[in-house]
*Asks:* 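Take a look at the following structure, please.
Sequence lines set the chain letters: A, B, ... in the order given, protein chains first and strands last, and positions in each chain run from 1.
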Amino acid sequence: MPELPEVETTRRGIEPHLKGRTVHALHVHDARLRWPVDPKLPRLLRGQRIDRVERRAKYLLIRLTRGTLIMHLGMSGSLRVLAQDIARKTHDHLDLWLDSGQALRFNDPRRFGSCLYTTDDPHAHKLLAGLAPEPLQDEFDGEYLHRVTRRRRVAIKTLLLNGRLITGVGNIYASEALFHARIAPRRAARSLKPDESKRLAAAIRRVLAASIRAGGTTLRDYVNAAGLPGEFGVKLYVYERDGKPCRRCRTPIRHITQGQRSTYFCPECQR
DNA sequence: ATGGGCACCTGGCTGC
DNA sequence: TGCAGCCAGGTGCCCA
């Protein structure tokens, strides 16, 4: 479901309700997520205080007194805060009850999401250790992007989805960023010139920042921490617009498949 | 090291 | 109305 902006919007939505609270209970209704939820987790979490909620790439890190919950929303997951006990619906898998009487509820139809726990530095965790720099921090710029695309024969669109080189860019924003940078998705990554790498890095940052400002794009079933759809979705220029006129030049937007994922682009604007 | 393909899972939509 | 087929926001892992 969520790309980085949705995850960041979720983080901002839930943190005020979690920060400083004590875990009263964790109810696991279905442990079959991408990795099975540790059966010891309810016992481990009970009584711990939540210090803060961080985000690393598309992972949410719920920092507790003695450890960290590493959560991922996968393709279809969402988190919302409940003011009181509300009847569970299909695919409500986890409830984290707080001393405030509120609960953080995790829903995930496809169960590609995860909920792991570590008492070590979460950034050293196997899943996070190898991740590329945050796209909205200073290390990620045109020079960085240019460096990691050297000698890479893969299509630039495919490279954008490689979390070890670029984080936070999902399938929608990969197409969108390439459109704004006016770069054709099938170009070999290594063919990018320095100024193109610079444009693309800037486009990635702009598109992610704009979507965060808009409260996350409304993607099909996306809901924010209050259970409401993202209100002002960012305007998409190419994603799922195949056959429709390019917003810039009116040429029909094209759809292709790359690495088993859909790509959308304007054959006229993007070279 | 790099790149390609598959896997995990459910639901919604399309077309017969 | 029913059903098969295809597609969907992610990413770890196996293999060449």
*Asks:* Would you call Glu8(A)-Arg11(A) a salt bridge at under 4.0 Å N-O?
*Replies:* yes
*Asks:* Would you kindly give the CG-to-P distance between Leu131(A) and dG10(C), to the nearest whole Å?
*Replies:* 14 Å
*Asks:* Between P on dG10(C) and CG on Leu4(A), what's the gap in Å once rounded to a whole number?
*Replies:* 11 Å
*Asks:* How far does CZ of Arg186(A) sit from CD1 of Ile256(A), to the nearest 0.5 angstrom?
*Replies:* 4.0 Å
*Asks:* Should Arg49(A) and Asp51(A) count as an ion pair when the cut-off is N to O under 4.0 Å?
*Replies:* yes
*Asks:* Out of dT11(C), dA8(C), dG3(B), which has the shortest distance to the side chain of Tyr239(A)?
*Replies:* dA8(C)
*Asks:* Can you identify which nucleotide, out of dC13(C), dT2(B), dG12(C), has its nearest atom closest to the Tyr59(A) side chain?
*Replies:* dG12(C)
*Asks:* May I ask whether Leu131(A) and Leu165(A) are part of the same hydrophobic cluster, defined by side-chain heavy atoms of I, L, V, M, F, W, Y residues being less than 4.5 angstrom apart, directly or through others?
*Replies:* no
*Asks:* For a stem of at least 3 consecutive Watson-Crick or G-U pairs with distances under 3.5 Å, i pairing with j, i+1 with j-1 and so on, which stems involve DNA chain B?
*Replies:* B:2-8 with C:10-16, B:10-16 with C:2-8
*Asks:* So, is Lys126(A) near the phosphate of dT11(C), with a side-chain N or O under 4.0 Å from OP1 or OP2?
*Replies:* no
*Asks:* How would you summarise protein contacts on nucleotides 5-13 of chain B per nucleotide, using B for base, S for sugar-phosphate only and - for none, with heavy-atom distances below 4.0 Å?
*Replies:* BB-BBBS--
*Asks:* Taking only side-chain N and O atoms of Arg261(A), does any of them lie within less than 4.0 angstrom of OP1 or OP2 on dC7(C)?
*Replies:* no
*Asks:* Let me know the distance between CD of Gln258(A) and P of dA8(C), rounded to the nearest Å.
*Replies:* 13 Å
*Asks:* Between Glu54(A) and Arg63(A), is there a salt bridge with N-O shorter than 4.0 Å?
*Replies:* yes
*Asks:* Between dA1(B) atom C1' and Arg151(A) atom CZ, what is the distance in whole Å?
*Replies:* 9 Å
*Asks:* If you check the Lys58(A) side chain, which of dG10(C), dG4(B), dG9(C) turns out closest?
*Replies:* dG10(C)
*Asks:* Using the P atoms only, state how far dC6(C) lies from dC6(B), rounded to an integer number of Å.
*Replies:* 14 Å
*Asks:* Decide, yes or no, whether a salt bridge links Glu196(A) with Lys198(A) under the criterion of side-chain N to carboxylate O below 4.0 Å.
*Replies:* no
*Asks:* Using only side-chain N and O atoms of His72(A), determine if any of them is under 4.0 Å from OP1 or OP2 of dG10(C).
*Replies:* no
*Asks:* Identify, between Leu127(A) and Asn171(A), the residue whose nearest nucleotide on DNA chain C lies closer to the 5' end.
*Replies:* Asn171(A)
*Asks:* Within the 4.0 Å heavy-atom criterion, would you say Gly170(A) contacts the bases, only the backbone, or no part of the nucleic acid?
*Replies:* sugar-phosphate
*Asks:* For the pair Lys193(A) and Asp195(A), find out whether any cationic side-chain nitrogen is under 4.0 Å from an anionic carboxylate oxygen.
*Replies:* no
*Asks:* Distance check needed: dG4(B) P versus Arg186(A) CZ, whole Å only.
*Replies:* 14 Å
*Asks:* Is it possible for you to say whether Leu145(A) and Leu136(A) belong to one hydrophobic cluster, with membership spreading through side-chain heavy-atom contacts below 4.5 Å?
*Replies:* yes
*Asks:* Could you state the atom-to-atom distance from CG of Leu60(A) to P of dG10(C) in whole Å?
*Replies:* 14 Å
*Asks:* Given the ring of Phe179(A), does Arg248(A) sit roughly above its face, with NZ or CZ under 6.0 Å from the centre of the six-membered ring and within 45° of the axis?
*Replies:* yes
*Asks:* Looking for any heavy atom pair under 4.0 Å, which part of the strands does Arg164(A) touch: base, sugar-phosphate only, or nothing?
*Replies:* nothing
*Asks:* Nearest to the side chain of Ser262(A), which nucleotide is it out of dT11(C), dC7(C), dG12(C)?
*Replies:* dC7(C)
*Asks:* If the threshold is 4.0 Å, N to carboxylate O, is there a salt bridge linking Arg56(A) and Glu134(A)?
*Replies:* yes
*Asks:* Take atom NE2 of His125(A) and atom C1' of dG12(C), then tell me their distance rounded to the nearest Å.
*Replies:* 12 Å
*Asks:* In whole angstrom, what separates Leu128(A)'s CG from dG10(C)'s P?
*Replies:* 17 Å
